[in-house]
> 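There's a structure below that I have some questions on.
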Amino acid sequence: MKTTMRLTVSLPAAFSVAIASACAPQVFEGAWGIEALEDENPDPDVVEVSLVATPARLELENGTTTDVWAYNGTVPGPALVADVGQRVIVHFENELPDPTTIHWHGLRVPANMDGTEVQQSPIEPGQSFTYEFVVPDAELAWFHPHLDSARQVEMGLYAPIVIGDGSGVGEGRVMVLDDVLLEGGQIAPADAGGHMGSMQGRIGNVVLVNGHQRPVLEAPAGTTERWRLVNAANARRFRLALPGARFTLVGTDGGMLESPREIEEIDLAPGERADVIVELPSSRGDHDLMTSGGDGMMSLSGSDSVLVVRMTGGEPTSGPDVDALMQPLPDLPEPTVDRTVRFSGGMMGGGMMGGGGGFRINGESWPDVTPLEARAGDTERWVIENDTAMDHPFHLHGFRFQVEGTAGWKDTVHVPSRGKVTIRVPIDDNPGRWLFHCHILEHAEEGMMGELRVE
Ligand code: C2O
Ligand code: CU
Ligand code: CU
């Protein structure tokens with residue numbers, strides 16, 4: 001499939017104004033760059049922005065027009081850009097036909113700003129809500145609805161969040177990865193694929209980078225770049241490889257690493273982020289950044305080209321000073337609370353029998369769950385066990401964690417089929433009701449979600 005579908009968004013009349021003032025800052029420049037939300041507040045300690053969710057249209061280059069839902073008319077939505085310590089105020093309006101909320105995936109915000117059903121009532125069509133919080137960490141995060149999210153995220157509601165600390169941590173090429181399932185040029189209904197569809201999680205047939213199919217990244221051969229990636233897909237795990245290139249991981253979900261780590265592929269389960277220094281191939285011509293769909297036995301897709309890396313002549317540029325990007329990571333204390341969080345159900349986990357997905361955590365299916373109770377100030381050890389035939393990305397709201405045996409702050413971690421992952425979670429003084437769930441959105445909706453209560 002060599003056609004390049006160029007996606008453009010046509011906007012309802014109300015938005016032409018917002019977009020027309022399009023000397024708006026970009027997170028990075030270029031044809032497939034991402035715009036930043038405009039800060040309407042002159043106070044240097046405050047970032048105040050306006051956001052609206054509406055139906056919109058994406059025009060594919062092959063002539064099809066796809067109905068989507070979009071933030072400020074674009075897919076992905078414009079980036080929320082701020083610096084650590086700033087107060088962020090988001091005036092949000094819901095112009096969708098359905099209720100929605102916004103969740104700030106990866107930001108440690110107060111519980112009542114977290115956008116989940118346990119903390120916020122739905123924002124009805126025509127209503128608005130103002131989100132307000134201080135951003136505590138320099139990181140790449142993202143926002144998306146937390147209501148009917150398998151459908152709403154698939155429809156196009158997602159956008160990056162870039163929090164800098166003034167030391168260059170806000171820089172780099174931000175790429176939001178997604179895939180959509182198109183049928184006859186339209187996003188297929190949420191129940192497409194039927195029971196199998198929700199078992200597997202929705203794997204799309206069109207891969208998008210910043211809303212573009214196979215965009216072209218052009219640079220002089222041998223250039224070094226910094227890529228910052230978000231996986232916003234409902235269910236697809238991206239495992240990116242670029243023959244002839246070298247990848248060095250410098251940051252994970254929650255910020256920078258302490259020391260750089262060479263990696264063979266960029267492995268991103270749904271919800272995860274990566275910050276990578278990429279030494280691009282030294283030979284001229286087109287190279288494909290490929291993703292393997294190799295998700296064990298459940299794979300539906302083969303290999304796909306995500307991006308065309310076009311190496312030209314000219315003087316290559318060198319990347320950022322890697323050592324200067326590194327940040328010390330605290331050694332977390334020995335945990336005083338131990339828990340097991342066990343994924344079960346789904347196909348071959350017993351869930352096939354009754355027809356329903358029966359996706360469970362600790363034997364319970366959301367919303368009929370027994371909340372875990374935690375105390376601020378404790379450090380907890382969670383063993384996340386996967387008793388199913390599929391991989392599941394575990395995501396915790398409100399708190400960041402470290403995975404034992406690896407370095408870096410995380411909020412989402414890939415838990416392989418029949419495998420387990422051990423994490424250490426410092427329970428910050430951030431009381432409230434918090435969700436944790438599989439970030440394959442269909443699985444979360446079929447019950448693979450639990451609650452953590454912090455006093
Ligand atoms: Cu990105 Cu609860 O989700
Ligand atoms: Cu989250
Ligand atoms: Cu899952």
Side-chain angles (χ1 to χ4, degrees), residues 76 100-109 111 113-120 133 137 139-150 152-154 157-161 176 178 197-203 230-237 253-254 268-273 295-296 298 341-349 351 357-361 365-366 384-401 409-419 421 425 430 432-452:
T100 191
T101 62
I102 303 180
H103 169 57
W104 314 92
H105 181 132
L107 299 190
R108 296 188 295 155
V109 301
M113 292 289 132
D114 198 43
T116 62
E117 62 191 271
V118 290
Q119 287 283 173
Q120 177 177 18
F133 45 80
D137 307 302
E139 61 180 327
L140 175 67
W142 62 298
F143 61 93
H144 62 79
H146 220 283
L147 195 67
D148 196 12
S149 34
Q152 296 196 3
V153 174
E154 172 78 356
L157 294 171
Y158 58 83
I161 303 172
V176 186
D178 187 18
S198 63
M199 278 297 170
Q200 165 70 26
R202 166 178 284 217
I203 304 287
V230 182
N231 182 356
N234 282 34
R236 181 189 289 256
R237 174 183 178 196
D253 302 340
L268 286 170
E272 284 189 304
R273 285 88 69 208
D295 247 354
M298 298 306 292
V341 168
R342 187 176 291 110
F343 289 136
S344 65
M347 185 186 293
M348 294 172 178
F359 285 95
R360 293 181 288 274
I361 293 181
S365 222
W366 183 266
I384 302 151
E385 290 183 5
N386 181 353
D387 279 354
T388 78
M390 305 184 54
D391 299 343
H392 300 285
F394 169 86
H395 171 53
L396 173 63
H397 284 223
F399 305 88
R400 52 187 187 172
F401 53 78
W409 286 115
K410 299 282 293 168
D411 54 63
T412 308
V413 64
H414 178 75
V415 187
S417 168
R418 313 287 174 207
V421 161
V425 196
N430 201 357
R433 302 176 64 182
W434 303 98
L435 298 181
F436 54 90
H437 57 89
C438 173
H439 217 287
I440 292 179
L441 299 175
E442 289 76 14
H443 294 176
E445 263 163 38
E446 299 252 344
M448 201 171 258
M449 185 152 83
E451 180 181 342
L452 173 72

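Atoms within a ligand are numbered from 1 in the order they appear, just like the ligands themselves. Computed from a predicted structure; not experimentally measured.
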> Do Asp137 and Arg108 sit within salt-bridge range, that is, some charged N less than 4.0 Å from a carboxylate O?
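Looking at Asp137 and Arg108, the cut-off is met.
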> In His392, which N, O or S atom comes closest to the Cu ion (ligand 3)?
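In His392, the heteroatom (N, O or S) nearest the Cu ion (ligand 3) is ND1.
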> Counting no waters, how many protein N/O/S atoms sit under 2.8 Å from atom 1 (Cu) of ligand 1?
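Count of protein N, O, S atoms less than 2.8 Å from atom 1 (Cu) of ligand 1: 3.
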> Decide, yes or no, whether a salt bridge links Arg237 with Glu272 under the criterion of side-chain N to carboxylate O below 4.0 Å.
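No, no charged N to carboxylate O under 4.0 Å.
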> Less than 4.5 Å apart, side chain to side chain, heavy atoms only: is that true for Leu157 and His144?
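Not in contact.
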> Relative to the ring of Phe394, is the ring of Phe401 parallel (under 30°), tilted (30 to 60°) or perpendicular (over 60°)?
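Tilted.
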> His395 vs His439 aromatic rings, parallel, tilted or perpendicular, using cut-offs 30° and 60°?
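It falls in the perpendicular class, over 60°.
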> Roughly how far apart are Glu442 CD and Ile203 CD1, rounded to 0.5 Å?
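If we round to the nearest 0.5 Å, Glu442:CD and Ile203:CD1 are 8.5 Å apart.
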> So that I can check it, does any N, O or S atom in His443 come closer than 2.8 Å to the Cu ion (ligand 3)?
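True for His443.
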> Quick check: does His395 have an N/O/S atom under 2.8 Å of the Cu ion (ligand 2)?
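Yes.
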> Between Glu117, Glu446, Glu445, His437, which is the residue that forms a side-chain hydrogen bond (donor to acceptor under 3.5 Å, both in side chains) with Trp366?
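With Trp366 as partner, Glu117, Glu446, Glu445, His437 yield a single side-chain hydrogen bond (donor to acceptor under 3.5 Å, both in side chains), made by Glu117.
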> Does any part of the side chain of Arg273, heavy atoms only, come nearer than 4.5 Å to the side chain of Asp411, both counted from C-beta?
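Asp411 reaches Arg273 side chain to side chain.
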> May I ask you to check if any N/O/S atom from His105 comes under 2.8 Å of the Cu ion (ligand 2)?
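No N, O or S atom of His105 is closer than 2.8 Å to the Cu ion (ligand 2), so no.
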